[in-house]
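A short worksheet on the structure shown next.
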Amino acid sequence: MLRRNLFKTAATVAGSSLLSTVSAALAREAGKRPLQAIALCAIELPPEEFASQAKKAGYEMMGLRIHPIVPGALAHEFKAGTKEIKAFKQYLANTGITLHGVDGFAINSDTNPAEFHSVMDACAELGVKNLTLCGDAPNKEKFARVLQDMADYAAPRGFNIDVEFMIWRTVGTLEQAYELVKLADRKNCTIAVDALHLYRSGGSHNDLDKIPQQYLGEIHLCDAVINGPIDKKLVAAQRAGQLKVESTSGTPKGFEGVVREAREGRLIPGVGELPLVEFLRHMPERPIGVEVPLPGYQTQRVFDLTYKYSQDLLRQL
């Protein structure tokens, strides 16, 4: 009920057909930080439609799910050197939006990095600056070597590798991600900090101060209610390393609610209860991606609402 009421409050700003034009103009006038619309905002859209709608709302950058997170999952795949990738690059240029980040990569300690080389070649041709992955690391040293190999392949191709922690994976907390990127020891291998994942994993914006800034990567922004759909005892056990979760074989028992929330229950920045202003103040200045799908909403309204409210939030910094 609370989530529905928060949505209704946010939706009142979407009544005007001029919202997209006005929000973009205001952002330019105010000289605000550019924002990326992450793929999950409207993952069902073809890339060209995603680009057009995000740009209309004011977004300067977009993301793309370029690889299926699990076999058979939705993704918009490109291959380097094809006419399709060249046409999409030209479409982006004509539209005036940049493809900044890609996601859809789940790895583990036994992953062969070479499996992703063709996808990473496509990323390079598209001009991507960031590739975000998540995963499970039952063997930390082997996982770190996978990160090293991927970062080494990405570096000459012009993009970073960000490790995103999620409470239902063995790389589940900020601290666990830090341990792994520190082991990998590559300048272009950092931690993607998603506001939802930080707080749902029992973390706090104050924890960000304990991580050397060079290890903090890009920001994923959304809001949520303060008390998440997960047992706090389960979170505590995960933080203590007492659980053996292996999400590559399915959602671990007890984490179903928080997984569902992350995929389809996020709130527009500033509409929920997370301390997002403090979160942003404790992060170094990094690219910001907005990650808020709103099931049941027209996709253009999703872009309009998330862009406007995100810029409103940034004005509070």
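Atoms considered below: every heavy atom in the structure, side chains included; atoms not considered: hydrogens, waters and symmetry mates. All figures in this text were calculated on a predicted structure; none of them were measured in a lab.
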Side-chain donor-acceptor distances from residues 275-290 under 3.5 Å, at least two apart:
residue	atom	partner	partner atom	Å
Glu278	OE2	Arg281	NH1	3.1
Arg281	NH2	Gln316	O	3.1
His282	ND1	Asp209	OD1	3.0
His282	ND1	Asp209	OD2	2.9
Arg286	NE	Leu216	O	2.7
Arg286	NH2	Gln213	O	2.8
Arg286	NH2	Leu216	O	3.4

I'd like to know if the side chain of Ser201 reaches the main chain of Ile167, judged simply by a donor and an acceptor atom lying under 3.5 Å from each other, with no hydrogens or angles considered.
no
Could you tell me whether a side-chain N or O of Gln238 sits under 3.5 Å from a main-chain N or O of Gly202, the two making a donor and an acceptor?
no
Taking side-chain contact (heavy atoms from CB on, under 4.5 Å) as the definition, give me every residue that meets it alongside Ala93, ordered by chain and number, with sequence neighbours left out.
Gln90
Taken to the nearest 0.5 Å, the spacing of Ile66 CD1 from Leu99 CG works out to 7.0 Å
Who pairs with Phe50 by ring pair (Phe, Tyr, Trp, His ring centres under 6.0 Å), at least two apart in sequence or on another chain?
Phe303
Any sub-3.5 Å donor-acceptor pair from Asn108's side-chain atoms to Asp136's backbone N or O?
no
Not counting sequence neighbours, which residues clear side-chain contact (heavy atoms from CB on, under 4.5 Å) with Asp152? List them please.
Arg186
Under the rule for side-chain contact (heavy atoms from CB on, under 4.5 Å), what residues qualify as partners of Pro71, not counting sequence neighbours?
none
Does Tyr307 reach the main-chain N or O of Gly58 with its side chain, forming a donor-acceptor pair under 3.5 Å?
yes
Nearest heavy-atom approach of Leu180 to Ala144 is O-CB, 4.2 Å
Please name all residues satisfying side-chain contact (heavy atoms from CB on, under 4.5 Å) with Pro47, sequence neighbours left out, ordered by chain then number.
Leu64, His76, Phe78, Phe88
I'd like to check the salt bridge (charged side-chain N to carboxylate O under 4.0 Å, His left out) partners of Asp185; sequence neighbours left out, ordered by chain and number.
none
Glu77 atom CD, neighbour heavy-atom count above 12 within 6.0 Å:
yes
Who are the ring pair (Phe, Tyr, Trp, His ring centres under 6.0 Å) partners of Phe159, not counting sequence neighbours?
none
Donor-acceptor contact present, side-chain Glu261 to main-chain Val259, <3.5 Å:
no
Please list, chain by chain and in numerical order, all residues satisfying ring pair (Phe, Tyr, Trp, His ring centres under 6.0 Å) with Phe105, sequence neighbours excluded.
His67, Phe116
For Asp103, what residues pass the salt bridge (charged side-chain N to carboxylate O under 4.0 Å, His left out) criterion, not counting sequence neighbours?
Arg65
Tell me, please, which residues at least two apart from Tyr91 pass ring pair (Phe, Tyr, Trp, His ring centres under 6.0 Å).
none
Could you note down all residue pairs passing side-chain hydrogen bond (donor to acceptor under 3.5 Å, both in side chains) where residues 38-51 supplies at least one of them, sequence neighbours left out?
none
Minimum heavy-atom separation for Ile97 and Ala54, please, with both atom names.
CD1-CB, 3.9 Å
Glu218: which of Ile38, Asp162, Ile191 passes side chain to side chain contact (heavy atoms under 4.5 Å, CB included):
Asp162
